[in-house]
Q: 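Following this message is one structure expressed as structure tokens.
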Amino acid sequence: MHRPIGILDSGVGGLSVLREIRRALPYENIVYIGDSARCPYGPKPADEIRDRVFAITDRLLAMDAKLIVIACNSATIAAVEALRAHYPVPFAGMEPAVKPAAARTKSGVIAVLATEASVAGEKFHRLVSTHARGVRVITRPCPEFVSLVEAGETDTPAVREAVARILPPLLEAGADTLVLGCTHFPFLRKAIEDFAGPSVSVIDTGEAVARRVKSLLSSDATQAGEAGEPGKVSLLTTGDLGRWSELAPRLCPELADATLAHIDID
Ligand code: DGL
């Protein structure tokens, strides 16, 4: 049995990252913990998010995870440096794709859709001042997008209504590049792209993180071999198991054969 990759998020959002990791590394076992009982993280203070992320990391390491993916921008901003200082395993975190967006924009205006926690801190300001000099960066916290995805709504009238409320001021300000700075938002990508139209680019970080995980594992002796069985995916939620059994395969049909269980983390 290969040691698994551990992935965590405040809820189902990190499944958008899991599916990219699965595509890039189909032979790896994966254990995913979604903290739906405490979702959303976005409006919570950084120390509260950090405490949750440490508690979840302890559980993933108890399951022998060889690498942990913080598949949550809010949790990465709040905790990744402290995690790296505290634990001996490698961590891959999320970061809003400000750098590729700044390289792509033609209008010189980009908009970052994220959570309050992700765009409020010093770390985000550093990201902008390092990688988006000369570009106007508009931030738009969208907690309603997180609630919609947690409720299983990805392309419903409620989603289209929220998108039609949030996007116009950003587009009117000239944004031609939208950054999905929260892992829940790729599940709304179609509704966002349909509203924004073909002249607007939408950028998500899932694929880049999967590449990072692959390169972190390339020197790891416990890497699963290409000739083996497809890896097993185990999804654990601190929230309602019944809702997750319905939600996870709907968001990611490729996870239909994943095992699902409840986990209590205090
Ligand atoms: N999916 C998370 C993120 O990337 C957090 C959403 C939330 O819990 O507010 O930021």
Side-chain angles (χ1 to χ4, degrees), residues 6-21 32-57 60 68-81 83 91-98 101 111-125 127-128 139-154 159 162 166 178-189 192 202-210 212-213 235-240 243-244 247-248 251-252 265:
I7 305 181
L8 67 88
D9 178 48
S10 64
V12 291
L15 296 177
S16 69
V17 181
L18 189 161
R19 70 182 171 193
E20 299 297 341
I21 293 175
Y32 178 101
I33 298 183
D35 197 12
S36 285
R38 308 292 174 101
C39 190
Y41 281 2
K44 293 188 169 53
D47 54 349
E48 198 177 325
I49 301 175
R50 212 174 298 127
D51 287 350
R52 289 306 292 165
V53 174
F54 268 77
I56 297 170
T57 299
L60 289 169
I68 309 271
V69 183
I70 312 295
C72 174
N73 291 262
S74 318
T76 302
I77 292 245
V80 78
E81 277 153 21
L83 290 164
F91 285 88
M94 307 296 301
E95 189 171 80
V98 167
V112 180
L113 308 173
T115 68
E116 302 89 313
S118 294
V119 294
E122 176 54 30
K123 216 172 158 192
F124 181 77
H125 290 293
L127 184 68
V128 170
T139 55
R140 174 59 159 99
C142 310
E144 53 276 72
F145 280 178
V146 176
S147 316
L148 284 163
V149 174
E150 285 291 316
E153 303 213 27
T154 54
V159 167
I166 286 168
L178 304 178
V179 174
L180 304 183
C182 168
T183 54
H184 282 72
F185 301 172
F187 293 116
L188 306 178
R189 185 174 188 137
I192 292 171
V202 176
I203 305 187
D204 146 41
T205 353
E207 219 180 298
V209 170
R212 172 87 188 123
V213 170
L235 306 177
L236 302 169
T237 174
T238 59
D240 185 83
R243 276 185 41 69
W244 262 65
L247 201 52
L251 292 174
C252 290
I265 302 179

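Note that the coordinates shown come from a computational prediction; the quantities given were computed from them, not determined experimentally. As a basis for the values below, the full set of heavy atoms in this structure was taken, side chains included, without hydrogen atoms, waters or symmetry mates. Both ligands and their constituent atoms are indexed starting at 1 by order of listing.
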Q: Measure the shortest side-chain to side-chain distance between F54 and D51 over non-hydrogen atoms and say whether it is less than 4.5 angstrom.
A: no
Q: With the side chain counted from C-beta on, respond yes when L15 and Y32 share a heavy-atom pair under 4.5 Å apart, and no when they do not.
A: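 The answer is yes; the side chains approach within 4.5 Å.
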Q: Taking NZ, NE, NH1 and NH2 as the nitrogens, is one of them in R243 or E150 under 4.0 Å from a carboxylate oxygen of the other?
A: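 Looking at R243 and E150, the cut-off is not met.
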Q: Could you check whether any heavy atom of M94 sits closer than 4.0 Å to an atom of ligand 1, since that is the contact criterion I want to use?
A: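 Flag not set, M94 not near ligand 1.
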Q: Please verify the inter-ring angle class for F185 with F145; under 30° counts as parallel, over 60° as perpendicular, anything in between as tilted.
A: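 The arrangement is perpendicular - the two ring planes meet at more than 60°.
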Q: Could you list which atoms of ligand 1 come closer than 4.0 Å to a heavy atom of D9?
A: 1 (N), 2 (C)
Q: Counting each atom of ligand 1 from 1 as listed, which ones have a heavy atom of P40 under 4.0 Å away?
A: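 Atoms satisfying the 4.0 Å criterion: 7 (C), 8 (O), 9 (O).
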Q: Look up atom CD in E95 and atom NZ in K123, then write down how far apart they are to the nearest 0.5 Å.
A: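 Atom-to-atom, E95:CD and K123:NZ are 6.5 Å apart.
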Q: Output the list of atoms in ligand 1 that are nearer than 4.0 Å to some heavy atom of Y41, sorted by atom number.
A: 7 (C), 8 (O), 9 (O)
Q: Specify side chain, backbone, both or neither for V146, according to which of its non-hydrogen atoms lie closer than 4.0 Å to ligand 1.
A: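 The answer is the side chain.
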Q: Check each atom of ligand 1 against the heavy atoms of S10 and keep those under 4.0 Å away; list them by number with element.
A: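 Listed by number with element: 5 (C), 6 (C), 7 (C), 8 (O).
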Q: With a cutoff of 4.0 Å, is C39 in contact with ligand 1, counting heavy atoms of the residue only?
A: yes
Q: Short list, please: which atoms of ligand 1 are under 4.0 Å from a heavy atom of G42?
A: 7 (C), 8 (O), 9 (O)
Q: With a 3.5 Å distance limit and no angle check, can you tell me whether R52 reaches the backbone of I265 through a side-chain donor-acceptor pair?
A: yes
Q: For atom 2 (C) of ligand 1, what's the nearest protein heavy atom and its distance?
A: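 Ranked first by proximity to atom 2 (C) of ligand 1 is C72 SG, 3.2 Å.
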Q: Between the side chains of S16 and T183, is a donor N or O closer than 3.5 angstrom to an acceptor N or O?
A: no
Q: Looking at ligand 1, is there an atom of it that comes within less than 4.0 Å of some heavy atom belonging to S74?
A: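 Per 4.0 Å heavy-atom rule, S74 contacts ligand 1.
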Q: State the atoms of ligand 1, each with its element, that fall below the 4.0 Å cut-off from a heavy-atom position in T115.
A: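 Within the 4.0 Å cut-off of T115, ligand 1 contributes 6 (C), 9 (O), 10 (O).
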